[in-house]
Every structure is written in structure tokens, then in C-alpha cells.
Number of protein chains: 2
Amino acid sequence: MSSKTINILLAEDQGMLLGALGALLDLEPDFTVVYKANNGQQALDYLRDSSQTPVNIVLTDIEMPEMTGIELAEQIQQLQLPVKTLILTTFSRSGYLRRAMDAGVSGYLLKESPSEELAAAIRKVASGGKVIAPELMANAWMERDPLTDKERQALRLTFEGLSTEAIGEKLFLSAGTVRNYLSNAASKLQANNRVEAARIAHQNGWL
Amino acid sequence: MSSKTINILLAEDQGMLLGALGALLDLEPDFTVVYKANNGQQALDYLRDSSQTPVNIVLTDIEMPEMTGIELAEQIQQLQLPVKTLILTTFSRSGYLRRAMDAGVSGYLLKESPSEELAAAIRKVASGGKVIAPELMANAWMERDPLTDKERQALRLTFEGLSTEAIGEKLFLSAGTVRNYLSNAASKLQANNRVEAARIAHQNGWL
DNA sequence: CGATCAATATGACAAATGTCATCTGCAATT
DNA sequence: AATTGCAGATGACATTTGTCATATTGATCG
């Protein structure tokens, strides 16, 4: 089963990393990089185009314009596309892991870890295994995102610096309600104010 | 002048990108990656070690632990090491460009731009030229950082979610003074409140 | 149908924040 | 010694937040 070549699709918005990863993976004789996408949407478009070379592995970043890697994974799951998804992202946002697992990804790697581990991870996933960066195992089953949808949205806008009123307008809520949500969010996150709450939520990948 | 091989030192804390860039550059027959450092300090140590292979080009990220790429460039300038420095970093912090130029770097590239441009940029710098990512030329001579030292510090702490009082304690200032500083900063940055001001300053690399 | 629950609103009050004018030292300048 | 300038502090006042208790409105479910 290891004699057949593994067809890889890369999705990464940082052009430099995208190209460099392509070069790195092309060094492996059993890998073929069939497509390099700049965002999740491009990747999905390619995957759904039956006239293209079939893909075995999707290696994707999370934070990308148009469509994030997590949304891509969710789409792949919903459409039941015959590919394994492998997330390659930055450490900080630990909350992403859970969402990624829920989206049925086969692996979750960190850009921090040495590049030598990448090929092995891809082969493992290709043969049906799961891979999770060891750094994440520790605090993996940390607190799950305690925020409601509205709280999350309000925090996101707070993070941008919007006032209560401005947030209310955007979300079609009264200013008072927004204040309540932010107050709730802050107490859930044990923050002293909306700003700290937004920062915490952001760090955990909950925004 | 193009027949001699160009010796490159890479400095980048993201292991994955470091390794991948190594693979990418090794594809070029006239390039040799002689060392891969995880931070500025490692890079500098190598450069100062006369028993090591001499380096022509230092390709470095900015935000790294131990020593940033800008600090590395400054050291190289001060020690008058015979290498050209090329910065490779992320778009957002546009204020970095000025500091980098002051540190005498020969080039400033973006991780966003396509990897195909990298080799050409390195060759150009190796032969004495300067390279600046076109995206930056536009807003390069944008407003210089208008913040005073205290305003900057106050904004940094605001960004972390600290209250006026807490900031005052950290900076040994009265709460009122902190409020004044933040008020000033906000008006300088045309922000409606401290949070927005902190966000703007952060985006511009002023924190 | 009535009970229950969640989402949204309101009102009230304390606390924090934004704005501005003004004061106090202290250091540099002339 | 007199002047200027600047960092820091104060005080006053309007506005915005934080907190909490209590409506209102639908949807849901037994």
C-alpha cells in the first residue's frame, strides 16, 4: 500500500510557505503535490471538480481568507469527499483543535514543529492513521468554548474596538442586550472587562 | 559574478517554514543553505563563529524569541559583518519597515508574496541590489509612529485588557494620567476609544 | 392547553472611561 | 534669575461600561 503515490493538495494563504512546502514535499518520491490553493474556497473548488487529478490528502492552514481550513474540513465531511484532511497551523489558538476534530480531520500539526515530521505525518494519515501534535495533547481537553453565538459575535466586535452601540447596530440588538452579553462573556471567561474577555477568547481561538 | 555559489543563513522560528524554505532554496543550483537558525541569537552566534562556513546572505523573519530579526540586522550592522540581510516577514506590521531600513537591511520581503520571487530577490541582494516588496512601497512612507513612550506602554497594557488603575500601577503613574495618555493616543490614532486605539497601534507594529 | 425555557429588552445604579482645562514641579535654555 | 517647556497630576463633568434584577416575547414540549 505504500508503493502508490500520495496525491496532495495544499491550502495556505502565505505564498512563501505555500511554495516552500511544495518544494519540501516534492522531495519525497512517493508524494505528488497536485494543487496549491491560496484559501479554502479554491481548495474546495478543485476537490469538487471531477475533471481534476484525484486528491488523497488535503494539507491546510486554518486562518485563511474566503474560507478557513476548518470550514474546508467541514465541507469535506459534509460532502463525503474521499480525502483525508490534515491541519497545519499555528500553536496559539488551542480551541481550534476541538472544532477541527469535530470536523473529522485526520491530523492536526503545528507550524512550529520541525519540518522533518511532516512527511511521516502525511504517510501515517494516508494509511488511515491519526496524527495530533504532541504539544497539544497536554492541554487538549481544556475548557470547551463556553460562549454563546451572540457573545462570540459581540466579543469579536469588541476586539475591533467597536462601542456597545455600534455592536448593537451590527447585530440588530439593543445596546443594553449587548452589554448583558459582554457582561456574561466576561464573567464566563473570568475577565474583568470586555477587553480582557475579548483577548482571552481570541487567544483560545474562540472568535 | 554569478558563477560563485551564494551561501545563505536562514533564521525563522516556525520550524515548518524554516525547513520548507531550506528545501525550496536548495533547489537552486547556485544557492547553498549553510545554516538554519531558530532565532536571531542562534544566527548571530553562527555568524560570529569564524570557524564556520562564511555566509553571504542572511534571510530572517522578524518576530522571533531570544532576538528578533531587526535586532539581528542591527547587530550585523554594528559589527560590520560582511553579509547582506534580507527580511522575510508578515505583512501587517508596516511600521517594521522603517526600523529595518534604519538597520541597514538590503531587502524586505513578505511571506504573503509568491515563493517564486524569493530566489530572484536573493540574487539581486547578493549582487549588491536592494529589494522591497511592492506592496509596501505604497504605504511605506505612511505616518511614522506618532505615539510617545508612555502612550505606547499604556496602549500595550490596554491591549492585554488591563484597567486604567492596573496600568497606572505598572507604570507608576496616577490613574488620571493614564487616562490622559490613552485619551491622547486615541485622538492621535483617530480612534473612538482605547480599545480601537490599541488595535490600530498593534496593527501598525507600534506596540 | 399550560408550563417551561431561551432570547432579547429595560431600568437603575455604581464604576470606569473620555475630555478638557488647569496646576505643579523640575529641567533645560537664555 | 527669569523663562520656557514638558511630564505628570488633579478636578470636574459627560458618557460609556459593568452588574443585576426583572420584564416581554416566542418557541417548544409534555
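Throughout, protein chains are lettered first and strands after them, A, B, ... in sequence-line order, and every chain is numbered starting at 1.
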Check: In residues 184-199 of chain B, which ones come under 4.0 Å of DNA chain C, going by heavy atoms?
Finding: B:Asn193, B:Arg194
Margin query: Students often mix this up, so state it plainly: with edges at 30° and 60°, are the rings of A:Phe159 and B:Phe159 parallel, tilted or perpendicular?
Written below: tilted
Notebook entry, point to check: In whole Å, what is the span from the CD1 atom of B:Ile167 to the P atom of C:dT17?
Noted result: 8 Å
Item checked: A:Glu74: which of A:Ile70, A:Leu72, A:Ile76 passes side chain to side chain contact (heavy atoms under 4.5 Å, CB included) -> A:Ile70
Checklist line | Protein-nucleotide distance (B:Leu171, atom CG; D:dA9, atom P), rounded to Å | finding: 10 Å
Next item on the list: Run the salt-bridge test on A:Asp30 and A:Lys4 with the 4.0 Å N-O cut-off and return the result as yes or no.
Entry: no
Item checked: Worked check of salt bridge (Lys or Arg N to Asp or Glu O under 4.0 Å) between A:Lys36 and A:Glu12 -> CA-CA 8 Å; A:Lys36 293 189 263 191; A:Glu12 163 65 52; over 6 Å; no
Note to self: Quick test of your reading of the model: are B:Asp149 and B:Arg152 salt-bridged, counting only N-O distances below 4.0 Å?
What the structure shows: yes
Notebook entry, point to check: Does A:Thr164 put a side-chain nitrogen or oxygen below 4.0 Å from OP1 or OP2 of D:dT17?
Noted result: yes
Item checked: Shortest non-hydrogen separation from A:Leu10 to A:Gly22 and the atoms involved -> CD1-N, 3.7 Å
Checklist line | A:Glu165 CD to D:dT15 C1', straight-line distance once rounded to whole Å | finding: 11 Å
Check: What integer distance in Å separates B:Glu151:CD from C:dG18:C1'?
Finding: 15 Å
Note to self: Taking only side-chain N and O atoms of B:Ser174, does any of them lie within less than 4.0 angstrom of OP1 or OP2 on D:dA9?
What the structure shows: yes
Note to self: Output the rounded distance in Å from CD (A:Gln153) to P (C:dA7).
What the structure shows: 13 Å
Note to self: Just by distance, no angles: are the side chains of B:Arg194 and B:Ser183 close enough, under 3.5 Å, to form a donor-acceptor pair?
What the structure shows: no
Next item on the list: Please check the phosphate of D:dA9 (OP1 and OP2 only) for any side-chain N or O of B:Thr177 closer than 4.0 Å.
Entry: yes
Item checked: B:Phe172 CZ to D:dA9 P, straight-line distance once rounded to whole Å -> 12 Å
Margin query: Looking only at the side chain of B:Asn180 (C-beta and beyond, no hydrogens), which of the listed nucleotides D:dA21, D:dG8, C:dC20 gets closest?
Written below: C:dC20
Note to self: Rounded to whole Å, how long is the line connecting atom CG of B:Leu182 with atom P of D:dT15?
What the structure shows: 21 Å
Check: Which part of the nucleic acid, if any, lies within reach of A:Thr148 when heavy atoms closer than 4.0 Å are counted: base, sugar-phosphate only, or nothing?
Finding: nothing
Item checked: Among D:dG18, C:dA7, C:dC20, the one nearest A:Arg179 by side-chain distance -> D:dG18
Notebook entry, point to check: What integer distance in Å separates B:Tyr181:OH from C:dG18:P?
Noted result: 16 Å
Note to self: Using OP1 and OP2 only, check whether a side-chain N or O of A:Lys150 sits under 4.0 Å from C:dA7.
What the structure shows: no
